[in-house]
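Shown next, in structure tokens, is the structure this report addresses.
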Amino acid sequence: MDSLMNTGKTNPRGIPEAPFVEKVQDFIKDASDFDLLFNKFQERLSMYKYMQESKLSNIRLLRTTIPDIENTLKVCNQLKNREEPLETSYQLNDTLFTKAVVETGSDLKVGLWLGADVMLEYPVEEAISLLVTKLSDAKENLRISNEDVEFLRENITTMEVNCARLYNWDVERRQALKKAEQGTKDMKI
């Protein structure tokens, strides 16, 4: 039964491709296998939907992270290229702002939030290098996640069609059994 679900094809991240049910009879050799096969198809459909939600959540996170990295990179580049000190306003809390003078120069250091309440101080050149790497990684992860979501959408559609075909086959089979049963009741011996 599992061999029927395995097409042997996967996407580059190992997500299995959904089989396509052209003829239900090729998948169901015995009518008693229907429930087992239908449950397997439903299980695979649920798996695809779970993976899709996970990927969509990752995409939402990346779409907020990428602009943050780009803005931080832009600020670091401006600080690196600036000769004179920079006067700026910054937020102390929700309602309080203050002014500061940021010294620039060859020994300039910047603090980068790394996540999980961790901030590290880097020389501006290292910070720019790190941010460029993080930005390219985030863009690549976004591209891969979008590709996976498209692959999963196609497979979800295939599995929904498969489930509908299996269900319709079972309904037709039951109707035929009922009709045959009715025909034998109506026969006079």
Nearest 0.5 Å please: distance from the [atom1] atom of [X] over to the [atom2] atom of [Y].
X: E160; Y: Q42; atom1: CD; atom2: CD; value: 9.5 Å
X: L130; Y: L112; atom1: CG; atom2: CG; value: 6.0 Å
X: L108; Y: Y122; atom1: CG; atom2: OH; value: 15.0 Å
X: N77; Y: T72; atom1: CG; atom2: OG1; value: 11.0 Å
X: L37; Y: D30; atom1: CG; atom2: CG; value: 12.0 Å
X: L62; Y: K55; atom1: CG; atom2: NZ; value: 10.0 Å

Non-hydrogen side-chain atoms of [X] and [Y] separated by less than 4.5 Å:
X: I66; Y: K139; value: yes
X: L86; Y: V101; value: no
X: Y90; Y: T98; value: yes
X: T158; Y: N162; value: yes
X: K179; Y: Q182; value: no

Residues, nucleotides or ligands: over 12 heavy atoms within 6.0 Å of [X] [atom1]:
X: Y50; atom1: OH; answer: no
X: E22; atom1: CD; answer: no
X: N93; atom1: CG; answer: yes

Transitively linked via ILVMFWY side-chain contacts under 4.5 Å: [X] with [Y]?
X: W113; Y: L131; result: no
X: W169; Y: V171; result: yes
X: L73; Y: V102; result: yes
X: L166; Y: F20; result: no
X: L135; Y: I144; result: no

Examine distances only and state if a side-chain atom of [X] and a backbone atom of [Y] form a donor-acceptor pair shorter than 3.5 Å.
X: N155; Y: A18; answer: yes
X: T104; Y: E83; answer: yes
X: R165; Y: V21; answer: yes
X: T157; Y: R153; answer: yes

Worksheet item: Under the side chain to side chain contact (heavy atoms under 4.5 Å, CB included) criterion, do K40 and E43 qualify, and how do the steps go?
Response: CA-CA 5 Å; K40 289 247 184 227; E43 185 179 307; 5.5 Å; no
Minimum heavy-atom distance between [X] and [Y], given as atom pair plus value:
X: A138; Y: I69; answer: CB-CD1, 4.4 Å
X: A127; Y: V110; answer: CB-CG2, 3.4 Å
X: V124; Y: C76; answer: CG2-O, 3.6 Å
X: L120; Y: L114; answer: CD1-CD1, 3.2 Å
X: P12; Y: E147; answer: CG-OE2, 4.3 Å
X: E17; Y: Y48; answer: C-OH, 3.4 Å

Worksheet item: Going through the distances and angles, do D170 and R173 end up as a salt bridge (Lys or Arg N to Asp or Glu O under 4.0 Å)?
Response: CA-CA 5 Å; D170 188 51; R173 180 184 63 85; 2.6 Å; yes
Worksheet item: Considering residues at least two apart in sequence or located in another chain, which fulfil the side-chain hydrogen bond (donor to acceptor under 3.5 Å, both in side chains) criterion with D94?
Response: none
Fill in: E181 bridged to K178 by N-O distance under 4.0 Å
no
Practice prompt. Could you tell me whether E70 and K74 make a salt bridge, using a distance below 4.0 angstrom between a side-chain N and a carboxylate O?
Written response: no
Discussion item. Evaluate N11 against L152 for side chain to side chain contact (heavy atoms under 4.5 Å, CB included), listing each step before the verdict.
Written reply: CA-CA 10 Å; N11 79 343; L152 287 165; over 6 Å; no
Discussion item. Can you confirm whether the side chains of N141 and N58 place a donor and an acceptor under 3.5 Å from each other?
Written reply: no
